[in-house]
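In what follows, a single structure is set out as structure tokens and then discussed.
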There are 2 protein chains.
Amino acid sequence: MAEKNAKRGDDSRQRWIAQIAALENPPTPARSRKAPLTVERIVHTALELIEAEGFEAVTMRRVAAALQTGAASLYAHVRNKAALDDLLIGELCSHVMLPEPDPKQWQAQIMNVCGQLRDQFLRYPGIATAAMAATPTSLETLRINEGLLTLLLAGGAPPQFAAWAIDAAYLYVAAYSLEASLRSRPGNGEEGGDHDNEHEHDNDNDEIVERLRMLPTSLFPNTVAHARELSTGDGHERFDFTLGQLFRLPSSAE
Amino acid sequence: MAEKNAKRGDDSRQRWIAQIAALENPPTPARSRKAPLTVERIVHTALELIEAEGFEAVTMRRVAAALQTGAASLYAHVRNKAALDDLLIGELCSHVMLPEPDPKQWQAQIMNVCGQLRDQFLRYPGIATAAMAATPTSLETLRINEGLLTLLLAGGAPPQFAAWAIDAAYLYVAAYSLEASLRSRPGNGEEGGDHDNEHEHDNDNDEIVERLRMLPTSLFPNTVAHARELSTGDGHERFDFTLGQLFRLPSSAE
DNA sequence: TTTGAGCGTAGAACGGTGTTCGACATCGGA
DNA sequence: TCCGATGTCGAACACCGTTCTACGCTCAAA
């Protein structure tokens, strides 16, 4: 009986303690206590997390912790982790601005749009992983697709050419960004004491060239001979080159 | 008391049972009991697992289980899961055959090599994920790189062009294969009763076209107008198109 | 004003993952 | 014969996505 009483009293006792605690700190009063936890807040928090620690840090638990709650709470607003990923790349794509088509500059305009997408991917390291797994027919990606299609058609590209080139470009942008993210991120190295950013980059490149030159000439003659060409491509030269190739019109027009 | 005795005897009792069991089946005798667990066996088993259940099924525990052992045993032969992934794509790349360069057919030869690589990726669904994360300077990938470089140079491509085009091609092949794997794999749908493979494919394609046509014309005029071109590309037409664009020489030669 | 139903919150738990530790077995060579 | 090196592997740790469940809150009807 006593047990029963105690057990029964536990409940109201807890409430009593909670009430006292609530009395204790009325700062941040009124309604800040709610923090209503909307989809927007979740997506926003996840993006901040990616920017700071990379996409692999985006865990239901960690996103929830950043919102000062538990992982289970997120599932009231988002079906899956996969759905969250879709929302993330949707949000990301919504920041890409589509220009007014100008037939004289369609190539530059396309490079601009693809560059925006690439920069978004690079801003959130590793998110390109989600981009490749995401539903390819999300509304935001379709919006970019439509924009690129408009630019290409305005430039005089045949529809089938435009469709395939855009598809390939999207795939390439994601793959390029993913590789770039992995190359700079994964905390593997950065050994050695002092760093000067530019010198570090040069050293990296030089070391790759050197390693390639160490290969046996009998098996890798061309790799050794053109090691420099193979490992060059700082900045986004390779990126620009590839898109330039992808969007070369077939008929020698322009 | 009996319990205590049993517990103490457990150890030698187990050994006793093992001995009897060993007596029981001397078939596959001599030394088959060892099953020495080499790197080759691990890689081979992992590849079989991918072929049957996809890359996401490749878990240290599951690979070990397929080898009738525990996960910890693998770490005596492979540093990480990442290292295992590298070995897997290395093994995969080693099956790509490089042709003798023939300057007259360099384009077809390159398409052939890239097609081999693509088919390897498609044979092991999802392994392209590992290909994108893998060390880009593995010996096997360098071998393919050297082969492609040889073909392109034989075809008269400038070295810088060849280097960048090959890099882009590798990225694209991986991305294309990954998307193709994800599209057919992930068990999302396949609902509905009876399946005829060809009809199913047609239905899929038709449904995508239909969905695109449902978009508001005001926002997606070109997408609606060219829905068919956007969603076509069965077989590997898109693949061939993209590589064709990537390897078009700049100077209008050939 | 009271009640009750609904909804968002969140702790606990389940099954799975990569990886490490440490005791154990086995084998090659002195 | 013994002994050290090497390989094996159960147990455990920390983390993951996801589900279950109870709990608190809000708001509209009674």
Side-chain angles (χ1 to χ4, degrees), chain A residues 7-8 10-19 21-22 30-42 45-46 49 53-88 126 129-130 133 186-187, chain B residues 10-12 14-19 21-22 30-42 45-46 49 53-88 126 129-130 133 186:
Chain A
K7 195 167 187 182
R8 212 170 138 320
D10 250 3
D11 207 2
S12 68
R13 182 199 181 89
Q14 293 280 352
R15 238 171 280 169
W16 177 240
I17 292 176
Q19 283 183 18
R31 38 190 305 291
S32 94
R33 188 207 157 225
K34 304 197 51 175
L37 192 58
T38 65
V39 177
E40 287 82 23
R41 289 216 319 138
I42 294 175
T45 305
L49 199 54
E53 305 190 42
F55 180 70
E56 70 277 7
V58 174
T59 289
M60 300 302 263
R61 280 180 171 82
R62 296 200 57 177
V63 173
L67 289 164
Q68 304 190 19
T69 180
S73 304
L74 302 183
Y75 286 85
H77 306 268
V78 166
R79 182 177 299 266
N80 293 12
K81 173 90 179 3
L84 208 182
D85 293 350
D86 276 21
L87 289 174
L88 291 179
T129 318
Chain B
D10 248 2
D11 207 3
S12 69
Q14 293 280 351
R15 238 170 280 168
W16 178 241
I17 291 178
Q19 283 182 18
R31 39 192 302 292
S32 95
R33 187 207 158 226
K34 304 198 47 177
L37 192 56
T38 66
V39 178
E40 287 81 22
R41 288 213 323 134
I42 294 175
T45 306
L49 199 53
E53 305 190 42
F55 180 70
E56 70 277 7
V58 174
T59 290
M60 300 303 264
R61 279 179 173 82
R62 295 199 59 178
V63 173
L67 289 163
Q68 304 190 21
T69 179
S73 304
L74 303 183
Y75 286 85
H77 305 268
V78 165
R79 181 178 300 266
N80 293 12
K81 174 87 177 5
L84 209 182
D85 293 349
D86 276 22
L87 289 175
L88 291 179
T129 319

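Side-chain atoms are counted along with the backbone in the values below, which use heavy atoms only and exclude waters and symmetry mates. The sequence lines fix the lettering, A, B, ..., with proteins before strands; numbering per chain opens at 1.
- Between A:L74 atom CG and D:dT19 atom C1' there is a gap of 14 Å when expressed in whole angstrom units.
- Spacing between atom CD1 of A:I42 and atom P of C:dG8 amounts to 11 Å, rounded to whole angstrom units.
- Comparing C:dT9, C:dT19, D:dT18 by their closest approach to the side chain of B:N80 singles out C:dT19.
- Rounded to whole Å, the distance from CD on A:Q68 to P on C:dA10 is 10 Å.
- In this structure, CD1 on A:I42 lies 7.5 Å from CE on A:M60, to the nearest 0.5 angstrom.
- For the side chain to side chain contact (heavy atoms under 4.5 Å, CB included) with A:V78, the qualifying choice from A:D86, A:D85, A:L84 is A:L84, the only one to do so.
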task: Take A:R41 and A:H77 through the test side chain to side chain contact (heavy atoms under 4.5 Å, CB included) and record every step on the way to the result.
output: CA-CA 10 Å; A:R41 289 216 319 138; A:H77 306 268; over 6 Å; no

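- Rounded to whole angstrom, the span from the CG atom of A:L67 across to the C1' atom of C:dA10 amounts to 13 Å.
- Nucleotide D:dG7 holds its P atom 10 Å from the CG atom of B:L37, rounded to whole Å.
- Taking atom CZ of residue A:R41 and atom C1' of nucleotide C:dG8, one finds them 13 Å apart after rounding to whole Å.
- We find that NE2 of B:H77 is positioned 15 Å from P of C:dT20, with the value rounded to whole Å.
- Nearest-nucleotide positions on DNA chain D for A:A72 and B:S73 put B:S73 closer to the 5' end.
- Taking both residues in full, the closest heavy atoms of A:A57 and A:L49 are given as O-CD2, 3.6 Å, listed atom of the first, atom of the second, then distance.
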Report, one pair per line, the protein and nucleotides 15-17 of chain C atoms (nitrogen or oxygen only) whose separation is under 3.5 Å.
{"residue": "C:dT17", "atom": "OP1", "partner": "B:T59", "partner atom": "OG1", "Å": "3.0"}

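- With rounding to the nearest 0.5 angstrom, the CG atom of B:L37 is 11.5 Å from the CD atom of B:Q68.
- Here CG of A:L87 is found 9.5 Å from CD of A:E40. Values are rounded to the nearest 0.5 Å.
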